Amino acid sequence: MFIHDDFLLQGPTARMLYHEHAATMPIIDYHCHLSPKMIADDHRFRSITELWLDEDHYKWRAMRANGVPERLITGDGSDWEKFEAWAATMPYALRNPLYHWTHLELKTCFGITEVLNPESARRIYDRCNELLAQPEYSARGLMRRYGVEVVCTTDDPIDSLEYHQQIADSRFESKVLPAWRPDRAMEVTDPCVWHQYVDTLAQLAGIATDTYDGWLQALECRQEFFANHGCTVADHGLGAFFYAPCKPSRVRDIYNKVYNGAYLEGVEVQQLQTAMLLDLARMNARRGWVQQFHFGPLRNVRTTLFMELGANIGVDTIGSPSQAEPMARFLDCLDQEGLLTKTILYNINPADTEMVAAMVANFQDGSMPGKIQYGSGWWFLDQKEGMERQMNALSLQGLLSRFVGMLTDSRSFVSYPRHEYFRRILCNLIGADVDGGLIPQEELPRVCQMIEDISYNNAKRYFGF
C-alpha cells in the first residue's frame, strides 16, 4: 500500500508523535479560498471532476506540462474525459507534491488505496462518484469528515457576506468566518477599473470616495461590517513589499489624480500604495486583528491564457524582487507608532526563506509568544522540501514551538489532507532529532506538547477562535 499508516514517518518517535498527538487534533484552516456559497448551500458535487479539477490550478499546470489540451483542463471536455486526462498525468507526476496529495485525498476521503493511473482511472472515477452521491459527501459533510473546527475564507470589502450569515444562522458546527482582503481597493494602476471599484465601495458604505480620507473612511465602515460578521483576520496579497513614504498632502494629490482618471507614474503608484497599506495595517491594529502578508508572486505572465480564462488559472510564477529593506522599513514604521498588530509573513520565493525567518525575530515585542509569525510554506513552497526548509529556518532564527502551523490556501473541499501531510512532515522532522540525540529523551513530554501546539493549539490561541 502506497499511503500506509506510517507514510513519511521514518522512525519510532516520529510515528509516536504523529499517531498519538498530531493525528488527533482538529483543523483550524485560517486561510483558504473555499466558496462560502457552497458551504451555505451544502453543495452536492456532480462528480469527482467537479470536486477535484474544476478549481485546481495546481493540477492544471501539471496537465499542461504533460501535453493535455486545454479542452480537457478548463474547456468543454466531459467530466470523465478530464478525469481520464488527470489520471494519465499521474504516472508522470512522480516527485511532484500533487502525487502525494492526490493519493492522500483518495485514501482519507474515499478510502481508496489503489494508485491512480490510466488502468485504475475508471474504477476510481466510478467509486468516487458513487460515494459523492451520498449525503455525507456534501460540502459540509466533507468538512465534518476532516474534523474542521474553523475556516477563514478570503473576502473582498464589498462582499455582502450573505452566505456567511446564512451559515451562522444554520448553526453549522464548523465556524466559517470571513477574512478581510482589500487588495482591489489598492489596485490603482488601472484608473478605470479601480474607479468602478471605489464607486461600489462608496455606495455600500454610504461615504463618498472622491478623496483619500473618504476612501479610508469607507473602508473603515466596511471593516466594521466585517467585524460584526465575526471577522478577526486580514489578508494582503502583494507582488512585492514596497515602502515609499511621502507627505500626507502628496498622498492626497496622487489620490485625486488617479480618481480623476489619470494614469500614475511608477513612483506615484508606490507612494500611494505605501500610504494605503500603512493605513490598512493601522486599521487592523486598532481592531486587534491578525494581519497576513502573502508576497512575491508575479501574476498572469502568460497573456494568451489570461485573456481567454482570466486570473487564477495557473499562469503565475515566482517573482524575485528584493524584499528585505522595504519589508523592514514598513514593519518598523508601524512598530514605531505602536500599531504593529499580530502579523504573519509568507514568502513565495525560496531565496527569501532565511531572510523572512530572521525578519520576524526583529519585531517580537514580548507582549505575547510569537506575535510576529513566519507563515507556513506557501504556494510554490507548499510541499515537503518547502515546509521542511521553512521549519528549519524558523528553528534556527526563532522558536518553532510558537509556530501557528498549517493552512490549505485552497479552493477544494478535499484539500484538508494538506494538514495531515504537514503534520507527518513535522513529526518526522522532530522525531528524527529525538532519535538522533539532538533533542534529549527527557524532553519528550515537551516535544509531544510542541507537536500538539503547532498542529492546533497555537493557532487557536493566536487567532482567539
Side-chain angles (χ1 to χ4, degrees), residues 17-43 101 104-105 108-109 135-155 161 163-180 226-227 229-235 288-290 292 342 344 368-370 373 375-376 382 387 401-427 448-465:
L17 291 173
Y18 178 74
H19 293 303
E20 297 182 22
H21 298 278
T24 61
M25 307 304 289
I27 286 175
I28 292 177
D29 198 24
Y30 53 86
H31 174 70
C32 75
H33 298 276
L34 290 181
S35 163
K37 183 179 188 304
M38 283 187 168
I39 302 172
D41 294 343
D42 200 13
H43 183 78
W101 294 348
L104 272 169
E105 289 165 11
T108 59
C109 186
E136 59 267 31
Y137 282 83
S138 65
R140 294 189 185 193
L142 291 170
M143 294 173 70
R144 293 185 186 101
R145 183 178 190 86
Y146 285 110
V148 178
E149 186 173 292
V150 181
V151 158
C152 292
T153 58
T154 305
D155 308 281
L161 302 186
Y163 299 114
H164 291 86
Q165 187 61 55
Q166 289 179 27
I167 296 165
D169 292 344
S170 73
R171 300 188 182 278
F172 177 44
E173 56 267 34
S174 298
K175 285 185 181 179
V176 181
L177 304 174
W180 168 263
F226 269 59
H229 282 78
C231 180
T232 59
V233 179
D235 185 58
W289 284 7
V290 175
Q292 304 177 82
K342 291 183 283 188
I344 309 177
M368 61 170 291
Q373 287 278 326
S376 60
D382 185 8
M387 291 178 193
S401 297
R402 296 301 190 179
F403 178 35
V404 294
M406 191 55 179
L407 65 163
T408 64
D409 188 35
S410 176
R411 291 168 174 79
S412 171
F413 285 86
V414 286
S415 286
Y416 295 112
R418 294 184 191 181
H419 284 263
E420 176 178 336
Y421 195 55
F422 166 82
R423 292 175 184 183
R424 287 177 179 270
I425 292 166
L426 168 68
C427 291
C448 295
Q449 185 62 57
M450 172 184 177
I451 295 298
E452 293 185 5
D453 286 346
I454 296 172
S455 298
Y456 169 77
N457 294 325
N458 286 348
K460 189 171 182 68
R461 287 190 287 260
Y462 188 78
F463 290 94
F465 296 143

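The basis for the numbers below is simple: all heavy atoms, side chains too, and nothing from hydrogens, waters or symmetry mates. Computed from a prediction, not measured in an experiment: that's the story for all the values here.
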Where the side chain of Tyr146 meets the backbone of Cys109, is there a donor-acceptor pair that is under 3.5 Å apart? yes
What I want to find out is whether Arg144 reaches Glu173 closely enough, with some N-O distance under 4.0 Å, to be called a salt bridge. yes
Trace of the side chain to side chain contact (heavy atoms under 4.5 Å, CB included) decision for Met387 with Met406: CA-CA 9 Å; Met387 291 178 193; Met406 191 55 179; 3.6 Å; yes
Spacing of CD belonging to Glu149 relative to NZ belonging to Lys460, to within rounding of 0.5 Å: 4.0 Å
Closest heavy-atom contact between Cys32 and Val151? SG-CG1, 3.5 Å
Gap between atom CG of Asp409 and atom CG of Asp29 - 0.5 Å precision: 9.0 Å
Between atom OG1 of Thr232 and atom NZ of Lys342, what is the distance when rounded to the nearest 0.5 Å? 7.5 Å
Contact check, side chains of Phe422 and Ile454, non-hydrogen atoms, under 4.5 Å: yes
Residue pair Ala40 / Gln166: nearest heavy atoms and the distance that separates them: CB-OE1, 3.8 Å
Return the set of residues passing side chain to side chain donor-acceptor pair (under 3.5 Å) with Thr153 (not counting sequence neighbours), or none when no residue passes. Asp155, His164
If only atom types and distance count, is the side chain of Arg145 paired as donor or acceptor with the main-chain N or O of Thr108 below 3.5 Å? yes
Are the side chains of Tyr163 and Met38 in contact, using a 4.5 Å heavy-atom criterion? no
Does Ser410 have any side chain to side chain donor-acceptor pair (under 3.5 Å) partners at least two apart in sequence or in another chain, and if so, which? Ser415
Hey, can you tell me if His31 and His33 have their rings parallel, tilted or perpendicular (30° and 60° cut-offs)? perpendicular
Intermediate values then yes/no, side chain to side chain contact (heavy atoms under 4.5 Å, CB included), Ser401 and Asp453: CA-CA 7 Å; Ser401 297; Asp453 286 346; over 6 Å; no
The test is side chain to side chain contact (heavy atoms under 4.5 Å, CB included); show your working for Phe465 and Cys152 and say whether it passes. CA-CA 11 Å; Phe465 296 143; Cys152 292; 3.6 Å; yes
Closest non-hydrogen atom pair, Leu104 against Pro417: CB-CB, 4.0 Å
Run the ring-centre check on His19 versus His21 and record whether the distance is less than 6.0 Å. no
Of all heavy-atom pairs linking Cys231 and Ala179, the shortest is SG-CA, 4.0 Å
Separation between CH2 of Trp101 and CZ of Arg418, rounded to the nearest 0.5 Å: 4.0 Å
Check whether Ser174 reaches the backbone of Val148 with its side chain - one donor and one acceptor, N or O, closer than 3.5 Å. yes
Side chains of Leu142 and Tyr137: does their closest heavy-atom pair fall under 4.5 Å? yes
May I ask you to test the Val233-Tyr30 pair for a side-chain heavy-atom distance under 4.5 Å? no
Which pair of heavy atoms, one from Phe413 and one from Ser35, lies closest together, and at what distance? CZ-O, 4.2 Å
Between CD1 of Ile39 and CE of Met143, what distance do you get to the nearest 0.5 Å? 4.5 Å
Walk me through whether Tyr18 and Glu420 qualify under side chain to side chain contact (heavy atoms under 4.5 Å, CB included). CA-CA 9 Å; Tyr18 178 74; Glu420 176 178 336; 3.1 Å; yes
Any side-chain heavy atom of Arg461 within less than 4.5 Å of one from Met368? no
How long is the gap from CG on Asn457 to CD on Glu452, to the nearest 0.5 Å? 6.5 Å
Nearest heavy-atom neighbours spanning Asp42 and Arg140: OD1-N, 2.9 Å
